[in-house]
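Here is the structure we will look at.
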Amino acid sequence: MAKIVVEGLKYRYPLSQKLALNDISFEINEGEFIGIIGANGAGKSTLCQALTGIVPLFFKGDYGGRVIIDDVEVAKSNLSEISLKIGMVFQNPFTQITGSKLTVYEEVAFGLENMGFEREEMKRRIDDALMLLDLYRHKDKNPFDLSGGQMQRLAIASIIAMQPKIIVLDEPTSQLDPQGSNEVFKAVSDLKKKGITVIMVEHKVEKLSEYADRIMLLHDGRLIDFDTPSKIFSKDDLKDYGVVEPVFTRYCKKIGLKDERGLYPVTLDEAVNLVVKKREHNS
Ligand SMILES: Nc1ncnc2c1ncn2[C@@H]1O[C@H](COP(=O)(O)OP(=O)(O)OP(=O)(O)O)[C@@H](O)[C@H]1O
Ligand SMILES: [Mg+2]
């Protein structure tokens with residue numbers, strides 16, 4: 001059971017005056033797709049690091065509360081044990097490529113070699129990861145000859161080859177063009193279909209609303225709200241947290257188009273369905 005339980009999590013970076021994470025508690029169930037949003041400095045990256053153990057096992061500082069993954073308390077574990085349960089993908093695909101491997105295949109093999117898997121098991125894992133990320137046909141290419149979207153998918157494949165049950169992605173599309181972003185979103189939704197828990201920091205709220213089961217809103221180190229995309233983006237004080245709603249939601253808010261629960265649509269499909277429903281109701 002890859003369930004995540006966070007209880008009263010507090011963290012202050014060394015030499016910093018301010019709490020980067022301030023009394024955060026939540027639970028994430030196995031197989032959920034979770035989005036994390038919030039203004040610059042809200043604590044999104046720090047929270048990702050706390051989930052993957054980088055905080056406090058690598059970054060020291062003042063730490064309180066608990067992060068528990070699969071009944072294991074992260075702060076009392078070690079990074080290699082945690083990396084089997086939860087993998088992390090960063091913003092910049094270039095910095096995640098080793099730079100020393102000549103092919104995409106060898107790049108994915110790198111992490112596994114370090115973990116001492118036997119040949120057959122390694123090959124099976126690499127093939128599976130490359131297929132899942134739609135990179136198998138590029139397996140003999142040099143990683144640096146890939147597009148941005150392909151390179152970011154390679155970073156994800158290298159993590160997936162470790163077969164973690166949870167993957168955390170910190171703004172994985174922010175350096176990609178629209179095509180690359182779409183590729184990464186598609187890849188990540190395929191991971192969810194495989195039962196992997198996905199936690200993704202993302203500013204592209206239109207896309208996030210399409211895919212996320214729930215969205216976490218952070219501000220100034222605090223957890224402001226954690227709910228479905230329509231509940232989060234129907235809030236009327238989003239501006240206070242430096243967040244904007246999806247363009248469809250903004251438009252619906254302007255014209256007062258909401259459902260019977262008082263919630264605004266967050267995707268184009270939802271907006272169209274609501275208009276059709278209202279028309280049928282009125283005719
Ligand atoms: N290495 C560090 N040392 C000291 N303070 C840090 C460090 N990294 C982040 N902080 C501080 O911790 C707080 C949370 O930062 P964090 O990077 O987690 O925010 P974020 O929501 O990811 O922001 P962004 O949208 O800019 O990526 C900020 O006040 C930031 O200045
Ligand atoms: Mg960040």
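Residue numbers start at 1 and run along the sequence shown. Order of listing sets the numbers, starting from 1, for every ligand and every atom in it.
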Just by distance, with hydrogens left out, do [X] and [Y] show a side-chain donor and acceptor under 3.5 Å apart?
X: Gln91; Y: Ser174; answer: yes
X: Thr98; Y: Glu107; answer: yes
X: Asp140; Y: Thr103; answer: no

### Task
Identify whether NZ of Lys or CZ of Arg in Lys254 sits under 6.0 Å from the centre of the six-membered ring of Tyr251 and within 45° of that ring's axis.
no
Considering only the protein, which heavy-atom contact is closest to [atom], and what is its distance?
atom: atom 17 (O) of ligand 1; value: Ser45 CB, 3.9 Å
atom: atom 29 (O) of ligand 1; value: Lys18 NZ, 3.0 Å
atom: atom 26 (O) of ligand 1; value: Asn40 OD1, 3.5 Å
atom: atom 9 (C) of ligand 1; value: Tyr13 CE1, 3.4 Å
atom: atom 14 (C) of ligand 1; value: Gly41 O, 3.5 Å
atom: atom 19 (O) of ligand 1; value: Gly43 N, 3.3 Å

### Task
Could you tell me whether Tyr264 and Phe233 have their ring centroids closer than 6.0 angstrom?
no
So, does [X] sit close enough to ligand 1 that a heavy atom of it is under 4.0 Å from the ligand?
X: Ala39; result: yes
X: Gln49; result: no
X: Ser16; result: no

Taking both backbone and side-chain atoms of [X], is any N or O found less than 3.5 Å from an N or O belonging to ligand 1?
X: Pro14; answer: no
X: Ala20; answer: no
X: Lys44; answer: yes
X: Gly38; answer: no

### Summary
For Thr46, the atoms of ligand 1 under 4.0 Å from one of its heavy atoms are 14 (C), 15 (O), 16 (P), 18 (O)
### Query
Which atoms from ligand 1 have a heavy atom of Glu171 less than 4.0 Å away?
25 (O), 27 (O)
### Query
Does some non-hydrogen atom of the protein lie less than 4.0 angstrom from atom 23 (O) of ligand 1?
yes
Is the number of heavy atoms from other residues, nucleotides or ligands within 6.0 Å of [atom1] ([X]) greater than 12?
X: Gln163; atom1: CD; result: yes
X: Lys194; atom1: NZ; result: no
X: Met115; atom1: CE; result: yes

### the Mg ion (ligand 2) to nearest N/O/S of Ser45 less than 2.8 Å
yes
### Query
For the atom pair CD1 (Ile34) and CE (Met200), what is the distance rounded to the nearest 0.5 Å?
13.0 Å
### Task
Using a strict 4.0 Å threshold on nitrogen-to-oxygen distance, state whether Asp170 and Lys44 make a salt bridge.
no
### Task
Quickly, which of His203, Glu202, Gln152, Lys207 forms a side-chain hydrogen bond (donor to acceptor under 3.5 Å, both in side chains) with Thr173? Name it, please.
Glu202
